[in-house]
Amino acid sequence: MILDKIEQLLGEVKSLNASNMEEIEALRLKYLSKKGEINAIMADFRNVAAEQKKEVGIKINELKQTALDRINALREQCETKDSGDDSLDLTRTAYPIKLGTRHPLTIVKNEIIDIFSRMGFTLADGPEVEDDLHVFTKMNFAADHPARDMQDTFFVEQNPNDVTKNILLRSHTSSVQARVMETTQPPIRVICPGRVYRNEAITARAHCFFHQIEGLYIDKNVSFTDLKQVLLTFARELFGADTKIRLRPSYFPFTEPSAEMDISCHICGGEGCGFCKHTGWVEILGCGMVDPNVLELCGIDSKVYSGYAFGLGVERITNLKYQVSDLRMFSENDVRFLHEFESAN
């Protein structure tokens, strides 16, 4: 009988209990939702005899109100309990979690990218797991070229019959330049930032992985004078307007002529100190005119186009700017070390 069902539910809702908001919501759905117990009784109301409708109607309203009151009371109790939690400190800042900081290598990398971007260079990227063809062969390294020994390589897969099919971790980002030259017609003006890997002993001054930014400009009538002016502008933007540069002859398989660039030591002002080994100069990058063989291997006519390239280590530049004595600190994730660069963000 419907009155018996109402009395049963009335007894249930009066004794309802819950310890958290999830349980309270479950009770609300059980009794007061569209598919709940009380709505089911209201749906049966149309089958009640006429002489009983008034009595049953009053009982249903009483049941519904009792359920609402009980659930609201439980919700209020739960909220009061939460607000009284001693672990909640109302005096703390609205942002209790301390914000992080950019890694010093990221700070310097972004600064370098910004300088070259303002000179018209665009970003290019490529895979870190590369093939020998793009890392060495198209960079003018013959299969038996002794210059391959200049870079101790991590090989993933070696093919003794065809070195161009070797798979390796790239040892320089020049592989990105090769891919750009393969797929893009001059003029080309790109910088290629990325992580590179070399099989070296890890010390305070060397690591098995580090970060490079290489640049490439190819067009008609590009000269070494253009390269020198770009590098001078870069050095003065990064280290200050009084910075001087000098270029010393060097050798790289993919550039001819090749040079290494030094800047006047900004720590001692060129007078000589322990950091610059009392010479007044600090090496920061290698550069040169792109070897015509590299252009031809990448499908660019070397009789029409010429170009220059340069490459620098981000860790090296970061050391110069912040005088970090141990390269290993860049990858050890010591929070105390990272906190020192908060103001540089």
Side chain [X], main chain [Y], donor-acceptor under 3.5 Å:
X	Y	answer
Glu296	Ser302	yes
Arg236	Thr243	yes
Ser306	Val222	yes
Thr184	Met181	no
Ser15	Glu12	yes
Thr173	Val176	no
Asp291	Phe254	no
Thr153	Phe155	no
Thr106	Arg102	no
Asp226	Ser223	yes

Spacing of [X] atom [atom1] and [Y] atom [atom2] [to the nearest 0.5 Å]:
X	Y	atom1	atom2	answer
Leu232	Ile245	CG	CD1	4.5 Å
Asn72	Ile24	CG	CD1	9.5 Å
Lys109	Asp114	NZ	CG	13.0 Å
Phe234	Leu285	CZ	CG	7.0 Å
Ile115	Thr233	CD1	OG1	10.0 Å
Thr318	Ile112	OG1	CD1	6.5 Å

Derivation of the side-chain contact (heavy atoms from CB on, under 4.5 Å) call for Tyr305 and Val290: CA-CA 10 Å; Tyr305 296 102; Val290 179; over 6 Å; no
Write down the atom of [X], the atom of [Y], and the distance for their closest heavy-atom approach.
X	Y	result
Cys78	Asn20	SG-CA, 3.7 Å
Ala124	Pro193	O-CD, 3.8 Å
Asn140	Pro253	ND2-O, 2.9 Å
Ala178	Met139	CB-CE, 3.9 Å

4.5 Å side-chain heavy-atom contact, Tyr31 and Leu16: yes
Minimum side-chain heavy-atom gap Phe330-Arg328 below 4.5 Å: no
Is it true that [Y] and [X] share a donor-acceptor pair across their side chains at a distance under 3.5 Å?
X	Y	answer
His134	Gln177	no
Gln323	Asn319	no
Glu315	His211	yes
Ser19	Glu23	yes
Tyr197	Glu128	yes

Steps toward ring pair (Phe, Tyr, Trp, His ring centres under 6.0 Å) verdict (Phe310, Phe116): CA-CA 12 Å; Phe310 56 86; Phe116 283 114; 4.9 Å; yes
Candidate list Val294, Ile191, Ile188, test side-chain contact (heavy atoms from CB on, under 4.5 Å), partner Leu216, passing option: Ile188
For the [atom1] atom on [X], are there more than 12 heavy atoms of other groups (residues, nucleotides or ligands in this structure) within a distance under 6.0 Å?
X	atom1	result
Arg336	CZ	no
Lys64	NZ	no
Asn221	CG	no

Test ring-ring contact (aromatic ring centres under 6.0 Å, His included) applied to Tyr308 and Phe252, Tyr217, Phe224, the passing residue: Tyr217
Residues Leu320, Val282; criterion side-chain contact (heavy atoms from CB on, under 4.5 Å); working and verdict: CA-CA 9 Å; Leu320 287 172; Val282 181; 3.3 Å; yes
Path from Val314 to Leu123 over hydrophobic side-chain contacts below 4.5 Å: yes
Plane angle bin for His172 and Phe136 - parallel if under 30°, tilted between 30 and 60°, otherwise perpendicular: tilted
Aromatic ring pairing Phe337/His103, orientation class (parallel under 30°, perpendicular over 60°, tilted between): perpendicular
Salt bridge (Lys or Arg N to Asp or Glu O under 4.0 Å) partner of Glu130, the single match among Lys138, Arg179, Arg170: Arg179
side-chain contact (heavy atoms from CB on, under 4.5 Å) evaluation trace for Met119 with Val230: CA-CA 8 Å; Met119 288 193 278; Val230 163; 4.1 Å; yes
Whether [Y] and [X] form a salt bridge (side-chain N of Lys/Arg under 4.0 Å from carboxylate O of Asp/Glu) is what I want to check.
X	Y	result
Lys165	Glu157	no
Lys303	Asp301	no
Arg198	Asp152	no

Trace of the salt bridge (charged side-chain N to carboxylate O under 4.0 Å, His left out) decision for Arg316 with Glu283: CA-CA 9 Å; Arg316 178 69 167 165; Glu283 178 197 338; 5.6 Å; no
side-chain hydrogen bond (donor to acceptor under 3.5 Å, both in side chains) between Asp69 and Gln65, worked out: CA-CA 6 Å; Asp69 291 344; Gln65 191 59 48; 3.0 Å; yes
Candidate pair Asp132 and Thr137, rule side-chain hydrogen bond (donor to acceptor under 3.5 Å, both in side chains), full reasoning: CA-CA 6 Å; Asp132 183 289; Thr137 305; 3.0 Å; yes
